[in-house]
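All values below come from the heavy atoms of this structure, side chains included, with hydrogens, waters and symmetry mates left out.
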Amino acid sequence: NPVTKHSSVISTVAQKYVELKFEGATLKDVVRKLEYVYSIRIILGDQTIGQLKSTAVFNTKQRPEEILDILCSLHHLRFIKNQNTFKIYK
């Protein structure tokens, strides 16, 4: 009575997360980087918002909403989302 033996190797690709590190970067630069990494559009309500400085470390495991929520709370700002477009305002 032959015994059927079976073995398999299942490989999974580990999710790679990218670190987003900002040291004294302007919000304008932070927004540009977030737009690139997440393929989204971010509009700044006025130019003074873009000059605000930010020092923070995020990674792409975080959703863009989570990152914008943190950035906005640091600078007492708000944002609204409409599909893949975000608007940051005072």
Side-chain contact, heavy-atom cut-off 4.5 Å: [X] with [Y]?
X     : Y     : answer
Ser54 : Leu74 : no
Leu68 : Leu77 : no
Lys33 : Phe22 : yes
Leu34 : Leu71 : yes

Of all the heavy-atom pairs spanning [X] and [Y], show the shortest one and how long it is.
X     : Y     : result
Gly50 : Leu44 : CA-CD1, 3.5 Å
Ile49 : Tyr89 : CD1-CA, 3.9 Å
Ile40 : Pro64 : CD1-CB, 3.9 Å

Rounded distance (nearest 0.5 Å) linking atom [atom1] of [X] with atom [atom2] of [Y]:
X     : Y     : atom1 : atom2 : value
Arg63 : Tyr38 : CZ    : OH    : 9.5 Å
Lys87 : Arg78 : NZ    : CZ    : 13.5 Å
Arg41 : Gln83 : CZ    : CD    : 13.5 Å
Ile70 : Glu65 : CD1   : CD    : 12.0 Å

Polar side-chain atom of [X] near backbone of [Y] as donor-acceptor pair, under 3.5 Å:
X     : Y     : result
Thr60 : Val18 : yes
His75 : Leu27 : no
Gln62 : Asn59 : yes

- request: Could you walk me through whether Val31 and Phe86 pass the side chain to side chain contact (heavy atoms under 4.5 Å, CB included) test, one step at a time?
  value: CA-CA 10 Å; Val31 160; Phe86 297 83; over 6 Å; no
- prompt: Will you find, in the side chains of Thr55 and Lys21, an N or O donor that is under 3.5 Å from an N or O acceptor?
  reply: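 No, Lys21 and Thr55 have no side-chain donor paired with an acceptor closer than 3.5 Å.
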Side-chain donor-acceptor pair present, Asp29, Thr26, cut-off under 3.5 Å: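 Their side chains do contain a donor-acceptor pair, which is all the 3.5 Å distance test asks for.
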query: When you look at Asn84 and Ser39, which way does the side chain to side chain contact (heavy atoms under 4.5 Å, CB included) test go after all the steps?
result: CA-CA 8 Å; Asn84 269 4; Ser39 298; 5.9 Å; no
query: Should Ile42 and Thr85 be marked as a side chain to side chain contact (heavy atoms under 4.5 Å, CB included) after you check the CA-CA gap, both sets of side-chain angles, and the distance that decides it?
result: CA-CA 6 Å; Ile42 302 172; Thr85 301; over 6 Å; no
message: Tell me whether Tyr36 shares a hydrophobic cluster with Val30, the cluster being built from Ile, Leu, Val, Met, Phe, Trp, Tyr side chains joined at under 4.5 Å.
response: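 Yes, one cluster joins them.
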